[in-house]
Amino acid sequence: MLRLKEIEAWYGDRIVLNGVSLSADEGELMRIRGRSGSGKSTLLRIMSLLQKPNVGEVEVLGKSAWSISEGEREELRGKISYIPQFLELIENLTVLENVQLALEVRGIENGEDRAREALEVLGIRGFEERLPKELSGGQRQRVAIARALVSSPKILIADEPTSFLDDIASSSFYRLLEELSSSFKMGIIVSTTELNLPKRSGWREMILEKGSLREL
């Protein structure tokens, strides 16, 4: 479903990714560990087709993403939902409006029913009219996932999604991701700075160090 081949990325004379190769299959759960500044965000943005690598190839659903037209690439981007490290909920929009926004930017109108369904799946039905400032950190995460889920992606990519959650909320969050992956056959890739986390059953564990990615 997603293939990276010999990816290199740099900023000026700083090499961030050095020959990274990776394959992720349908419904696979993957967690990438790495220290702050190790290049995790760059790697996830390249996976999400939001950033072109300096060298290497990205394949999504069998298509070489940077060898096709921008229109075709935009279609591939529509199969991937990316949640950045710092949640970008629109503070003056309600929860429901934030989720619907993901459909509107793709030209899908009248998406209220789909947005409400996504909120129900995430266990936050009844919060539709609240503003983001009225939510806890865990609730904001669920809204962000609902917004990512509403477009029916094949792959969900989240950059350090548990960084602002305590241990209990973090464990609950991972269980939620596992349920979503199982229910929707959706591949999920997350990153974390927590290097010493115990391995989690069902997850493929990777670590990014000195520009290289390896499996734990």
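The residues of the chain are indexed from 1 along the displayed sequence.
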S.K.: Which atom names give the shortest non-hydrogen contact between R33 and N196, and what distance separates them?
M.R.: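 Closest heavy-atom pair between R33 and N196: NH1-C, 3.9 Å.
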S.K.: Kindly give the heavy-atom pair with the smallest separation between M30 and M206, and that separation in Å.
M.R.: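 Closest pair (atom of M30, atom of M206, distance): CG-CG, 3.9 Å.
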S.K.: Can you name the one residue among R31, R200, K199 that meets side-chain hydrogen bond (donor to acceptor under 3.5 Å, both in side chains) with E205?
M.R.: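 Between E205 and the candidates, side-chain hydrogen bond (donor to acceptor under 3.5 Å, both in side chains) is satisfied uniquely by R31.
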S.K.: If I compare all heavy atoms of K154 with all of M1, which pair ends up nearest, and what's the gap?
M.R.: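 So the two residues come closest at O-SD, 3.7 Å.
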S.K.: So, S182 and E179: side-chain donor and acceptor under 3.5 Å apart, yes or no?
M.R.: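 There is no such pair between these side chains.
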S.K.: Looking only at heavy atoms, which two atoms of P161 and S191 are closest? And how far apart?
M.R.: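 In terms of heavy atoms, the two residues are closest at CD-O, 3.5 Å.
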S.K.: Identify the two heavy atoms, one from S81 and one from A148, that lie closest to each other, and give their separation to 0.1 Å.
M.R.: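 Scanning both residues, the minimum pair turns out to be OG-O, 2.7 Å.
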S.K.: Go through it in stages, so that I can follow the logic: the residues are R77 and E70, the test is salt bridge (charged side-chain N to carboxylate O under 4.0 Å, His left out), and I'd like the CA-CA distance, side-chain angles, deciding distance and then a yes or no.
M.R.: CA-CA 10 Å; R77 287 193 188 105; E70 178 58 31; 2.8 Å; yes
S.K.: Say you draw a straight line from CG of L49 to NZ of K79; how long is it, rounded to the nearest 0.5 Å?
M.R.: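 Rounded to the nearest 0.5 Å, the CG-NZ separation comes out at 13.0 Å.
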S.K.: Can you tell me if R147 uses its side chain to pair, donor with acceptor, with the backbone of Q100 under 3.5 Å?
M.R.: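 The answer is no, because no donor-acceptor pair under 3.5 Å joins these two groups.
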S.K.: Can you tell if the side chain of L177 reaches within under 4.5 Å of the side chain of I145, non-hydrogen atoms only?
M.R.: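 Side chain of L177 against side chain of I145, heavy atoms only: contact under 4.5 Å found.
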S.K.: Would a single hydrophobic cluster contain both V99 and L149, if residues Ile, Leu, Val, Met, Phe, Trp and Tyr are joined by side-chain heavy-atom contacts under 4.5 Å?
M.R.: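 Yes, it is one cluster - the side chains of L149 and V99 are joined through contacts under 4.5 Å.
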S.K.: Can a side-chain donor-acceptor contact be found between R140 and S136 if the only test is distance below 3.5 angstrom?
M.R.: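 There is no such pair between these side chains.
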S.K.: With a 4.5 Å heavy-atom cut-off, do E128 and T94 have their side chains touching?
M.R.: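 No. Closest side-chain heavy atoms not under 4.5 Å.
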S.K.: How close do L89 and V143 get, heavy atom to heavy atom, and via which atoms?
M.R.: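 Scanning both residues, the minimum pair turns out to be CD2-CG1, 3.9 Å.
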S.K.: Only one of K185, R204, R3 passes salt bridge (charged side-chain N to carboxylate O under 4.0 Å, His left out) with D25; say which it is.
M.R.: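 Among K185, R204, R3, the one that satisfies the salt bridge (charged side-chain N to carboxylate O under 4.0 Å, His left out) with D25 is R3.
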S.K.: Within a 6.0 Å radius of atom CZ on R125, are there more than 12 heavy atoms belonging to other residues, nucleotides or ligands?
M.R.: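 Counting other residues, nucleotides and ligands, CZ of R125 exceeds 12 neighbours.
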S.K.: Side chains of W203 and E178 only: does a donor on one sit below 3.5 Å from an acceptor on the other?
M.R.: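 Yes, side-chain donor-acceptor contact under 3.5 Å.
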S.K.: Quiz question: by atom type and distance under 3.5 Å, do the side chains of S212 and N18 form a donor-acceptor pair?
M.R.: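 There is no such pair between these side chains.
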S.K.: Would you say that more than 12 heavy atoms from the other residues, nucleotides or ligands in this model lie under 6.0 Å from the CD1 of I168, or not?
M.R.: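 No, CD1 of I168 has 12 or fewer neighbouring heavy atoms, counting only those of other groups under 6.0 Å.
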S.K.: Using modelled atom types only, decide if a donor and an acceptor are shared between the side chain of S48 and the backbone of L44 within a distance under 3.5 Å.
M.R.: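 Here the side-chain-to-backbone pair exists.
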S.K.: Take E112 and R116 through the test salt bridge (charged side-chain N to carboxylate O under 4.0 Å, His left out) and record every step on the way to the result.
M.R.: CA-CA 6 Å; E112 182 175 334; R116 289 184 183 278; 2.8 Å; yes
S.K.: Picking from E57, E59, R73, what satisfies side-chain hydrogen bond (donor to acceptor under 3.5 Å, both in side chains) with S64?
M.R.: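 Among E57, E59, R73, the one meeting side-chain hydrogen bond (donor to acceptor under 3.5 Å, both in side chains) with S64 is E57.
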S.K.: Applying salt bridge (Lys or Arg N to Asp or Glu O under 4.0 Å), can you list everything that pairs with R45, at least two apart in sequence or on another chain?
M.R.: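 Listed in chain order: nothing, the list is empty.
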S.K.: Does the side chain of L131 come within less than 4.5 Å of E91's, by heavy atoms?
M.R.: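 SC-SC contact between E91 and L131 ruled out.
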S.K.: Taking only Lys NZ, Arg NE, NH1 and NH2, and the carboxylate oxygens of Asp or Glu, determine whether R114 and E117 approach each other closer than 4.0 Å.
M.R.: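 Not counted as a salt bridge, because no side-chain N and carboxylate O are separated by less than 4.0 Å.
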